[in-house]
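Down below is the structure, laid out as structure tokens.
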Amino acid sequence: MDFQLTGDQRELIAATEKLCTQLLPLAKEAHEGEKRGDFAPLQKLRKAMAENGLLGLNMPTEYGGMGLPLLDTLLLIQTIQKVDSTMGGLTHRTSTGAIGAILELGTDEQKAQYVTGVARGDIGVSIGITEPNAGSAATAMTTRARIEGDEVVITGQKIFISAAKAHHYTMLYCRFGTTGRASDIGAVIVPHDAPGLTIGNGSENMAGERQYELFFDDCRIPKANILAEGNAFGKLISVYNSERLGSISRMLGSAQASFEFALQYVQEREQFGRQLADFQGLQWILAEMKVKLEAAQLLTYRAAANTAIGLPSPLETSVAKVYVAQAAKEICDDAIQLLGGYGYMTEYPVEARYREVRGGSIYGGTLQIHKNMIAGHLLKRKNSQWAKGKE
Ligand SMILES: Cc1cc2nc3c(=O)[nH]c(=O)nc-3n(C[C@H](O)[C@H](O)[C@H](O)COP(=O)(O)OP(=O)(O)OC[C@H]3O[C@@H](n4cnc5c(N)ncnc54)[C@H](O)[C@@H]3O)c2cc1C
């Protein structure tokens with residue numbers, strides 16, 4: 001067990017922070033463009049990030065990725081998110097996002113097309129799991145795929161799909177069989193120009209990102225776009241634990257940014273003729289923020305470091321998720337408090353950081369669902385949440 005980052009990791013973090021700071025103006029344009037429904041600036045940012053080696057961090061080099069281990073990937077997602085959330089989102093989604101399932105379950109042709117496309121900054125892939133009546137109970141999904149000759153015909157609806165309009169494809173969880181059991185669930189890769197697919201106008205979430213509804217009305221895609229034809233929910237969720245760690249690292253980045261800003265601020269702002277940093281009550285808040293940040297990082301890094309022997313452990317991922325999501329909210333909230341009224345104003349960066357981390361208690365499995373999973377592991381029970389007769 002080694003709790004020190006290596007010299008190479010430290011250098012990588014410093015170099016990445018510098019690169020991202022240079023790309024900041026492009027990232028701001030991309031964020032503003034997305035709000036207007038203009039995705040050209042985002043595509044420009046995506047290309048610039050790819051050229052600077054900031055996408056596909058853990059994707060194999062043979063597909064144009066950077067070939068980094070998961071731990072280094074998460075360290076950089078945290079760093080990039082600390083500089084800017086739009087860039088953090090792009091690195092996460094092209095490294096630990098839906099693309100991970102294509103790398104793990106895809107054919108050689110699918111990997112060559114999608115992993116390479118994502119790493120080069122040509123395309124983006126969103127993830128479609130949630131439905132209006134299948135949120136935490138994801139296996140209640142009804143979106144159906146049936147094979148007709150060389151095509152797959154999809155009917156159904158997804159909701160809350162992050163940044164779908166900013167992406168070119170969705171890796172869609174759907175049901176191939178009609179038994180109603182989880183064993184029907186597989187996945188397909190849907191191009192956003194597929195006939196029969198309509199992407200709604202979406203809703204803006206509290207972090208200022210858009211989430212979209214996807215409507216499938218006999219949507220037709222080639223059979224070659226099947227990723228897993230049923231019996232794949234367990235496998236998909238195992239890969240999804242990397243996605244969870246990627247989004248956890250984004251929360252770490254936002255919390256770290258809040259902490260660093262507040263630490264600086266209390267040493268500059270004066271009240272009662274003294275620095276805010278002179279008041280012991282505020283020093284204790286800073287100390288608690290530091291303890292939470294370090295504990296949150298260690299749980300995340302442990303889950304990532306242990307993937308040398310395979311996919312992330314579900315238990316270690318859930319433990320990290322529950323702690324980090326809670327700690328990140330508290331750290332970001334404390335930062336607002338340390339800045340007083342200025343912390344609450346949109347001109348200062350800390351209120352946005354709170355809004356960024358708040359969703360982490362909901363997406364990727366809510367905190368309650370992760371606690372159910374931890375308890376199931378502790379008690380060695382399946383811990384099914386389903387009403388009798390509905391399993
Ligand atoms: C920022 C953000 C981004 C997202 N991005 C995507 C995306 O890209 N793709 C995608 O497919 N989905 C996405 N989602 C959707 C997300 O996965 C769901 O919102 C989440 O799974 C919860 O489902 P729900 O909203 O239907 O809530 P519900 O399942 O209705 O839950 C409501 C409340 O009940 C609690 N609850 C439910 N069941 C239990 C139980 N058994 N025990 C204890 N408590 C329970 C929950 O914890 C929650 O507090 C995103 C959501 C957010 C907020």
Side-chain angles (χ1 to χ4, degrees), residues 34 81 85-86 88-90 92-94 96-101 124-143 154 156-175 185 187-190 192 199-200 202-216 233 236-237 239-244 246-248 250-251 254 318 321-322 324-326 328-329 332 352-376 379 381-388 390-391:
E34 263 189 289
Q81 175 73 23
S85 187
T86 302
L90 280 174
H92 160 50
R93 292 188 180 117
T94 58
T96 40
I99 198 63
V125 183
S126 55
I127 183 162
I129 307 173
T130 311
E131 298 182 2
N133 293 318
S136 296
T139 54
M141 68 180 65
T142 55
T143 296
I154 309 163
Q157 184 185 343
K158 295 287 172 182
I159 193 171
F160 293 146
I161 310 308
S162 293
K165 276 202 175 158
H167 289 117
H168 308 81
Y169 297 87
T170 290
M171 199 272 287
L172 184 79
Y173 285 42
C174 52
R175 216 167 252 294
I185 296 171
V188 292
I189 306 163
V190 183
H192 286 178
I199 304 184
S203 307
E204 188 174 296
N205 68 25
M206 68 184 270
E209 298 164 342
R210 290 198 87 76
Q211 293 179 238
Y212 296 87
E213 284 181 325
L214 270 52
F215 302 94
F216 299 91
F233 190 71
L236 287 163
I237 290 295
V239 185
Y240 191 58
N241 282 324
S242 298
E243 161 118 15
R244 286 172 167 149
S247 58
I248 287 169
R250 289 187 71 193
M251 286 189 258
S254 297
S318 290
K321 161 90 185 195
V322 169
V324 177
Q326 196 58 35
K329 279 187 291 194
C332 292
R353 294 301 189 168
Y354 180 82
R355 293 188 283 108
E356 283 163 20
V357 301
R358 187 60 186 86
S361 299
I362 302 167
Y363 58 66
T366 67
L367 294 193
Q368 289 72 31
I369 294 301
H370 281 279
K371 286 179 191 175
N372 289 343
M373 294 196 283
I374 295 169
L379 299 167
R381 289 185 194 168
K382 195 167 164 253
N383 221 8
S384 170
Q385 303 295 302
W386 284 95
K388 282 219 168 2
K390 299 255 181 191
E391 290 106 330

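Heavy-atom basis, side chains included; hydrogens, waters and symmetry copies ignored. Just follow the structure's listing: the first ligand is 1, and inside any ligand the first atom is 1. Since the structure is predicted, the reported quantities are computational estimates derived from the model, not experimental observations.
Proximity of a side-chain donor or acceptor of Glu209 to a complementary backbone N or O of Ser162 within less than 3.5 Å is not detected. A distance-only check finds no donor-acceptor pair linking the side chain of Lys158 to the backbone of Phe216 [under 3.5 Å]. In terms of modelled atom types and a separation under 3.5 Å, the side chain of His192 and the main chain of Lys165 share no donor-acceptor contact. Panel note: side chain Arg175, backbone Thr139; a donor-acceptor pair is recorded below 3.5 Å. Judged by distance alone, with hydrogens and angles left aside, the side-chain atoms of Thr170 form no donor-acceptor pair with the main-chain N or O of Leu172 at under 3.5 Å.
Looking at Glu243 and His92, their side chains come closer than 4.5 Å, going by heavy atoms from C-beta outward. Contact annotation: the side chain of Lys329 approaches that of Arg358 to within less than 4.5 Å [non-hydrogen atoms, C-beta and beyond].
The protein non-hydrogen atom at the shortest distance from atom 50 (C) of ligand 1 is Gln211 NE2, 3.5 Å. Atom 9 (N) of ligand 1 has Ile127 O, 2.8 Å as its closest protein atom, hydrogens excluded (heavy atom only). Protein heavy atom nearest atom 13 (C) of ligand 1, with residue, atom name and distance: Phe160 O, 3.3 Å. Shortest contact from atom 36 (N) of ligand 1 to any protein heavy atom: Ser136 OG, 4.3 Å. Counting protein heavy atoms only, atom 24 (P) of ligand 1 is closest to Gly135 CA, 4.0 Å. Regarding atom 42 (N) of ligand 1, its nearest protein heavy-atom neighbour is Asn372 ND2, 3.2 Å. Atom 44 (N) of ligand 1 has Gln368 CB, 3.4 Å as its closest protein atom, hydrogens excluded (heavy atom only). Ranking protein heavy atoms by distance to atom 8 (O) of ligand 1, first place goes to Ser162 N, 3.0 Å.
Contacts between Leu367 and ligand 1 below 4.0 angstrom, taking non-hydrogen atoms only, are absent altogether. Within the 4.0 Å heavy-atom criterion, neither part of Glu209 lies near ligand 1. Both the backbone and the side chain of Thr130 come within contact range of ligand 1, each with a heavy atom under 4.0 Å.
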Verdict with supporting geometry, Thr143 and Tyr173, side-chain contact (heavy atoms from CB on, under 4.5 Å)
CA-CA 8 Å; Thr143 296; Tyr173 285 42; over 6 Å; no
Worked verdict on Gln81 versus Ser254 for side-chain contact (heavy atoms from CB on, under 4.5 Å):
CA-CA 6 Å; Gln81 175 73 23; Ser254 297; 3.0 Å; yes
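For atom 4 (C) of ligand 1, a protein heavy-atom neighbour is present inside the 4.0 Å cut-off. Under the 4.0 angstrom criterion, atom 33 (C) of ligand 1 counts as lacking any protein heavy-atom contact. When distances from atom 30 (O) of ligand 1 to the protein are checked, no heavy atom turns up under 4.0 Å.
For ligand 1, the atoms closer than 4.0 angstrom to any heavy atom of Thr366 are 22 (C), 46 (C), 47 (O). The ligand atoms of ligand 1 that sit less than 4.0 angstrom from a heavy atom of Tyr363 are 1 (C), 2 (C), 3 (C), 4 (C), 50 (C), 51 (C), 52 (C). Close approach to Gln385 involves these atoms of ligand 1, each under 4.0 Å from a residue heavy atom: 40 (C), 41 (N), 42 (N). For ligand 1 and Ile161, the ligand atoms under 4.0 Å from any heavy atom of the residue are 7 (C), 8 (O), 9 (N), 10 (C), 11 (O). Heavy-atom proximity to Ile362, at under 4.0 Å, picks out these atoms of ligand 1: 19 (O), 20 (C), 53 (C).
In this structure, a donor-acceptor pair under 3.5 Å is present between the side chains of Ser85 and Arg250.
Counting heavy-atom neighbours within 6.0 Å of Asn133 CG, excluding the residue itself, gives a total of 12 or less.
Below 3.5 Å of separation, one finds an N or O of Ile129 facing an N or O of ligand 1. Among the atoms of Gly365, none of the N or O lies under 3.5 angstrom from an N or O of ligand 1. For ligand 1, the polar-atom distance check against Ile159 finds no nitrogen or oxygen pair separated by under 3.5 Å.
Residue Tyr212 comes nearest to Ala164 through the heavy atom pair CD1-N, 3.3 Å, listed as atom of the first residue, atom of the second, then distance. Between Asn383 and Asn372, the shortest heavy-atom distance links the atoms ND2-O, 2.9 Å.
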